[in-house]
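Worksheet: one structure, shown below.
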Amino acid sequence: MWSFSNIADSIHQWLNETFHPSVAVIFEMIIAGICVISLFAVLGLVLVLMERKVSAWIQIRMGPNRVGPKGMFQSVADTMKLLVKEGMTPSGADKFLFNLAPFIALVVAMLLMAPLAFAKNFQMWNVNIGVLYISAISSVSVISILIAGWSSNNKYSLMGAMRSGAQIVSYELSAGLSILSVVVLAGSLNLNTIIQSQADGWWIFKGHIPVIISFIIFIIAVTAETNRAPFDLAEAESELTAGFHTEYSGMKFALFFLAEYVNVFIVCAIGATLFFGGWMPFHIGHWQSFNHVMDFIPSSLWFFGKTFFLIFVIMWFRWTFPRLRIDQLLNLEWKYLLPISLFNILLVTAMAIAGWYF
Amino acid sequence: MIGSTIIFYMLALLTLISGMLAVSTRQIFRAAVFLLFSLIGVAGLFFWMQYEFIAAVQIVVYVGGITVLIIFSIFLTQQAGEKMPKQKMNRKIFSSLAAFCGFVLIMIQIMQHSFQSTINTAIQPGIENIGNEMVGINKSGYALPLEVVSMLLLAALVGCIVIAAPSNFLKKGEPPTNKLKSETT
Amino acid sequence: MSNTSKKLNNSTVSPSGLGAYFKEVFNAVKSLFVGLRRTGYYFTHHKEIITQQYPDNRETLNLPERFKGEVVMPHNENNEHRCTGCTACELACPNGTIKVITKFDITPDGKKKKAIDKLVYHLELCTMCNLCITACPSDAIVMAQTFEHSVFDRSQLTKILNNPGSKIMEGIE
């Protein structure tokens with residue numbers, strides 16, 4: 001049967017037969033890099049279009065409908081515009097850091113792709129601390145925002161960067177704690193092992209109430225971490241023009257924009273992996289025949305379906321809720337999400353020890 | 001093997017050059033960013049040695065925590081955007097001398113130390129072993145130091161709250177939420 | 001101010017702090033779901049789209065009754081209008097959009113009568129406030145619903161509202 005892992009295996013075999021093993025490794029690295037970059041491009045195009053359509057339908061509008069059939073090529077046209085636009089550097093800016101910041105944002109997003117399991121046996125790097133690796137690398141993304149905000153030499157950018165820093169640093173805590181609850185139940189930090197542990201049901205069903213609580217906290221915290229509305233204080237068009245990327249234009253702006261959407265994809269992929277079983281099809285306990293029927297749907301479809309469902313939920317949030325003030329934002333984290341997730345993790349630990357899950 | 005050696009030298013160069021730039025640049029924000037790259041280079045070395053857990057902790061603590069803290073304190077400082085004055089010549093000489101002496105000291109130690117080869121199999125640096133050692137109470141366990149460190153951190157947290165709390169709230173002994181709300185409304 | 005708020009807080013929070021806390025959390029989550037249900041309803045019922053596909057539906061365009069596009073002066077089939085040249089509209093206009101240029105006609109019985117020569121209307125200055133229409137004693141000017149006003153030269157926006165050679169209607173004083 002057709003699957004990603006078969007393709008990867010056959011390419012690996014062919015390369016090893018035709019070339020020296022070390023040359024083959026270099027070729028594989030190049031192929032993986034090209035795949036990641038093209039996935040980035042496709043994700044950018046698809047997610048921007050999806051966001052515009054979702055927002056339009058939620059607001060009873062039509063959305064893009066001019067370029068191509070039903071406006072399918074709108075984001076392609078936007079990309080063309082961004083590619084040919086002049087990327088300006090303000091004269092008062094710190095030029096080195098100003099041009100460095102978008103690349104840091106993109107490289108961080110690329111690094112986060114590494115441990116994701118896109119399909120069965122299809123993973124770039126099976127690292128045994130996958131979850132920790134992801135929460136570690138994603139904490140670097142704030143640096144690019146801080147650098148961009150500072151080096152623009154613009155008060156709006158600086159304020160946006162400060163807000164974003166405060167926001168990301170504080171929401172990382174509750175995101176990490178809600179991830180930990182699944183780690184405690186699965187007993188591993190390896191994403192593959194976590195997926196395997198959901199072969200008889202996804203954690204959101206197996207772990208019932210405490211895992212549902214931690215899922216809600218997770219989705220709130222990652223919405224804040226990716227700087228999306230209702231937590232988009234770092235950009236806040238109506239207050240700070242565009243926050244940390246006010247001074248960016250052309251391709252440099254496009255990189256920030258792309259990194260934002262790729263980050264949304266990544267956090268949703270992690271949410272899908274931890275709570276909805278990643279590529280694991282929908283299995284119920286020991287209903288063998290039902291599980292076999294579910295296995296016929298390819299694992300990559302399961303993964304992308306779950307991920308895009310979570311992306312839709314986050315977009316749904318964006319077009320429903322008004323933006324929070326900075327004090328409301330910090331209150332929400334430190335007075336509500338953090339204490340609740342701390343108690344929740346105690347609950348989950350007790351549950352894991354006593355075996356009160358399915 | 002040659003590929004991994006090349007990667008090692010690249011990481012070492014990244015660490016050293018950005019470390020040098022961090023101390024030689026005259027803009028304080030740039031110094032913080034170069035320090036960040038230096039710390040990322042160290043994390044890369046840990047990844048190179050396949051100590052993923054330590055590398056991730058290095059990134060969480062130093063890159064995500066300490067550097068962000070440094071950058072924040074730079075943002076909140078006045079005149080942080082201006083160039084710092086040039087250092088005097090004798091200061092430069094003495095600081096480079098101090099760095100050189102430190103380097104020599106470390107090198108002498110490393111050269112004199114004889115690394116004994118063992119026949120024992122290496123302990124897996126996996127997270128399970130690290131966790132078991134960290135809270136272990138046997139001979140090589142670190143339960144007591146861990147507890148002491150966590151007491152220290154708890155004291156620091158309580159101290160932060162005491163410093164940040166409004167000055168009159170401790171005297172009256174009111175619950176903090178009421179007091180804060182009434183002041184903000 | 002602080003006293004009253006303190007009292008309010010005490011009355012709402014103090015009876016059972018923890019219970020109130022969880023009630024607050026519960027209410028917050030509930031209200032979020034109410035909002036999500038509303039937007040979810042709109043998302044799934046996207047056939048009720050309110051967007052007007054403007055350049056495509058120029059023929060069937062349905063403008064609201066009170067939409068105000070520009071000031072016009074209706075004429076009847078004999079090229080007659082109702083304007084007496086009283087300049088009430090010019091006085092009512094807050095930003096000098098209307099300029100009434102009057103002349104004196106000679107009536108058949110030899111009397112001089114005040115009439116308009118030109119009623120100059122600067123569309124580029126107009127804010128569509130409707131004050132001139134309410135000020136007009138003889139209902140000579142009305143608001144039209146045209147809205148495609150873009151031209152290549154600003155001078156084309158200065159319009160003369162009365163048709164050339166038009167006269168005042170019989171019986172309008």
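Chain identifiers are assigned alphabetically (A, B, ...) following the order of the sequence lines, protein sequences preceding nucleic acid strands; residue numbering begins at 1 within each chain.
Counted within 6.0 Å of CG on B:L153, heavy atoms from surrounding residues, nucleotides or ligands total more than 12; the atom is thus considered enclosed. Within 6.0 Å of CZ in B:F47 there are more than 12 heavy atoms belonging to other residues, nucleotides or ligands. Counted within 6.0 Å of NZ on A:K95, heavy atoms from surrounding residues, nucleotides or ligands total more than 12; the atom is thus considered enclosed. Atom CE of B:M10 is surrounded by 12 or fewer heavy atoms from other residues, nucleotides or ligands within 6.0 Å. Sparse packing is recorded around CE of A:M159, with 12 or fewer heavy atoms of other residues, nucleotides or ligands lying under 6.0 Å away. Atom CZ of A:F19 has more than 12 neighbouring heavy atoms from other residues, nucleotides or ligands inside a 6.0 Å radius.
A heavy-atom distance below 4.5 Å is found between the side chains of A:M162 and B:L76. Between A:I143 and B:I71, the closest side-chain pair of non-hydrogen atoms falls below 4.5 Å.
Interface remark: A:I168 contributes no atoms to any contact with chain B (heavy atom separation under 4.5 Å). Neither the backbone nor the side chain of A:I26 comes within contact range of chain B, judged by heavy atoms closer than 4.5 Å. Within the 4.5 angstrom heavy-atom criterion, atoms from both the backbone and the side chain of B:V63 approach chain A. Proximity to chain A (any heavy atom under 4.5 Å) is shown, for B:Y62, by neither the backbone nor the side chain.
No other option in A:I104, A:L158, A:V169, A:V142 has as many heavy-atom pairs under 4.5 Å with chain B as A:L158.
Taken to the nearest 0.5 Å, the CZ atom of B:R30 stands 12.0 Å off from the CH2 atom of A:W150. Of the inter-residue distances, the one linking B:Q27 atom CD with A:L97 atom CG reads 8.0 Å to the nearest 0.5 angstrom. Rounded to the nearest 0.5 Å, atoms CG (A:L146) and CZ (B:F29) are 6.5 Å apart. One finds the CG atom of B:L36 at 6.5 Å from the CD1 atom of A:I147 (value rounded to the nearest 0.5 Å). We find the CZ-OH distance between B:F53 and A:Y133 to be 16.0 Å, quoted to the nearest 0.5 Å.
When all heavy atoms are compared, the tightest approach of B:G64 to A:S139 is CA-OG, 3.7 Å. A pairwise comparison of heavy atoms in B:A56 and A:A136 identifies O-CB, 3.6 Å as the closest pair. The shortest heavy-atom contact between B:F75 and A:A161 is CE2-CB, 4.3 Å.
Taking the six-membered ring where tryptophan is involved, the planes of A:F96 and B:F34 are essentially parallel, since the angle between them stays under 30° and well short of 60°.
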